[in-house]
Chemist: 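Below is one structure. I have some questions about it.
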Amino acid sequence: MSVAAESDQEWVREIGQRELFFLINMVEHGGIAGFRDPYPGYLLDELEEEWDKTRQQLQERGLLSAGRSDLLIEPVLEACLAVLDSPYAVRLELKKSGESIYDAYLHFLPQMVVERVQTVNGDEEGNSMVRLSAIANLELSLPLIEQVFPVEAAAQGVIKQPFTLPVEAYDILLSGSDQEKARTLSTRLSPEQESLKALMKQAEFHGRMSLMQRSGPVWRQQIITCGIGVDGGWIARRDEEQGVRVENYRRKKLGLAVKTLVQDMLALPKTNFGGEAHDEDQD
């Protein structure tokens with residue numbers, strides 16, 4: 001479901017995670033949301049050897065070339081790297097019938113968006129690949145967000161009024177992974193929480209959006225989740241301190257969150273992007 005399949009291939013780049021890590025360090029990035037060190041546990045001399053190998057691979061693929069005094073990054077990839085350094089990102093996750101359909105990060109600058117998708121293929125050394133797709137502007141990226149939060153659920157909502165659950169309780173109900181804790185919870189659920197539990201059991205469609213902002217080396221995030229089944233759906237906004245606010249699914253709740261994100265980005269001076277970092281916790 002990536003836009004890479006639909007967008008002009010001239011604006012799509014597929015690159016190894018280690019190669020991307022090399023370039024991130026080369027241009028001194030502030031940090032990329034959800035991107036982890038592909039060299040955990042490497043000693044310094046081992047890393048230097050890998051560094052030379054990675055640089056050579058990039059040059060062989062034409063993604064890096066030697067200039068008069070330094071190395072030059074291929075122009076489209078260089079533009080993507082600039083957007084990846086933005087302090088604003090969104091992670092989008094979509095599941096249908098328990099199967100992951102879409103999982104990607106969108107990195108935002110006012111003039112350009114980059115979709116980053118981890119692909120399943122990799123080289124013989126396990127260097128997984130990352131596909132970067134440049135999108136011309138914020139408006140053109142909105143359909144990607146809208147696919148995770150579809151039109152209003154057809155059925156009438158069954159949650160009579162909004163309520164708040166502790167984060168742990170919401171996660172247990174949603175995952176159903178800890179049966180013992182789930183049974184303990186079920187003995188003290190309110191009628192509205194029982195309605196939510198029933199919706200979760202029958203939901204075939206699950207969407208999750210993490211609005212992310214960097215502060216220093218940390219990424220802070222606001223998480224909005226939703227689920228939709230034959231009897232309706234719910235939408236929930238997560239706050240680690242105040243809990244999870246749950247109510248009947250209404251797409252306008254998503255629209256307000258995205259609108260706020262876009263307005264905040266467009267209101268900031270361009271010098272704010274790629275400058276000092278902002279923080280967000282990641283799961």
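Just so it is clear, the values below take in all heavy atoms, side chains as well, and ignore hydrogens, waters and symmetry mates.
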Chemist: Hey, could you give me the CD/CZ distance between Q242 and R237, rounded to the nearest 0.5 Å?
Modeler: 11.0 Å
Chemist: Can you confirm whether the side chains of S128 and Q118 place a donor and an acceptor under 3.5 Å from each other?
Modeler: yes
Chemist: Return yes if some donor-acceptor pair links the side-chain N/O of Q221 with the main-chain N/O of Q213 below 3.5 Å, else return no.
Modeler: no
Chemist: Determine, stepwise, if the pair T225 / I223 fulfils side-chain contact (heavy atoms from CB on, under 4.5 Å).
Modeler: CA-CA 7 Å; T225 55; I223 299 175; 4.0 Å; yes
Chemist: Ignoring hydrogens and angles, tell me if any N or O in the side chain of Q193 forms a donor-acceptor pair with the backbone of S190 under 3.5 Å.
Modeler: yes
Chemist: Kindly write out the residues that satisfy salt bridge (charged side-chain N to carboxylate O under 4.0 Å, His left out) with E192, not counting sequence neighbours, or none if the list is empty.
Modeler: none
Chemist: For the residue pair H107 and V83, what are the closest heavy atoms and their distance?
Modeler: O-CG1, 3.2 Å
Chemist: With sequence neighbours excluded, what pairs up with D103 under the salt bridge (charged side-chain N to carboxylate O under 4.0 Å, His left out) test?
Modeler: R91
Chemist: Do NZ/NE/NH1/NH2 and the carboxylate oxygens of R131 and E115 come within less than 4.0 Å?
Modeler: no
Chemist: Taking only residues two or more places apart in sequence, or in another chain, which ones meet H206 in a ring-ring contact (aromatic ring centres under 6.0 Å, His included)?
Modeler: W234
Chemist: Between E50 and K53, is the closest basic N to carboxylate O distance under 4.0 Å?
Modeler: yes
Chemist: Check salt bridge (charged side-chain N to carboxylate O under 4.0 Å, His left out) between R13 and all other residues, then give those that pass, not counting sequence neighbours.
Modeler: E74
Chemist: Please determine whether a side-chain nitrogen of the Lys or Arg among D37 and R18 lies less than 4.0 Å from a carboxylate oxygen of the Asp or Glu.
Modeler: no
Chemist: Can you give me the closest heavy-atom contact between S141 and I135, atom names plus distance?
Modeler: N-CG2, 4.0 Å
Chemist: Taking the side chain as everything from C-beta on, heavy atoms only, tell me whether L71 gets closer than 4.5 Å to R55.
Modeler: yes
Chemist: Once you round to the nearest 0.5 Å, how far does CD of Q59 lie from CG of L64?
Modeler: 5.5 Å
Chemist: On a heavy-atom basis, which atom in S86 and which in L109 lie closest, and how many Å separate them?
Modeler: CB-CD2, 3.8 Å
Chemist: Using every non-hydrogen atom in the two residues, find where I73 and E78 come nearest and quote the distance to one decimal.
Modeler: CG2-N, 3.8 Å
Chemist: V117 versus Y105: any side-chain heavy-atom pair under 4.5 Å?
Modeler: no
Chemist: Does the plane of the ring in W51 sit parallel, tilted or perpendicular to the ring in F21? Use 30° and 60° as the thresholds.
Modeler: perpendicular
Chemist: Answer yes or no: is there a side-chain heavy-atom contact under 4.5 Å between V114 and L106?
Modeler: no
Chemist: For Q56, check side chain to side chain contact (heavy atoms under 4.5 Å, CB included) against everything at least two apart and list the hits.
Modeler: E60
Chemist: Taking only residues two or more places apart in sequence or in another chain, which ones pass salt bridge (charged side-chain N to carboxylate O under 4.0 Å, His left out) with E204?
Modeler: none
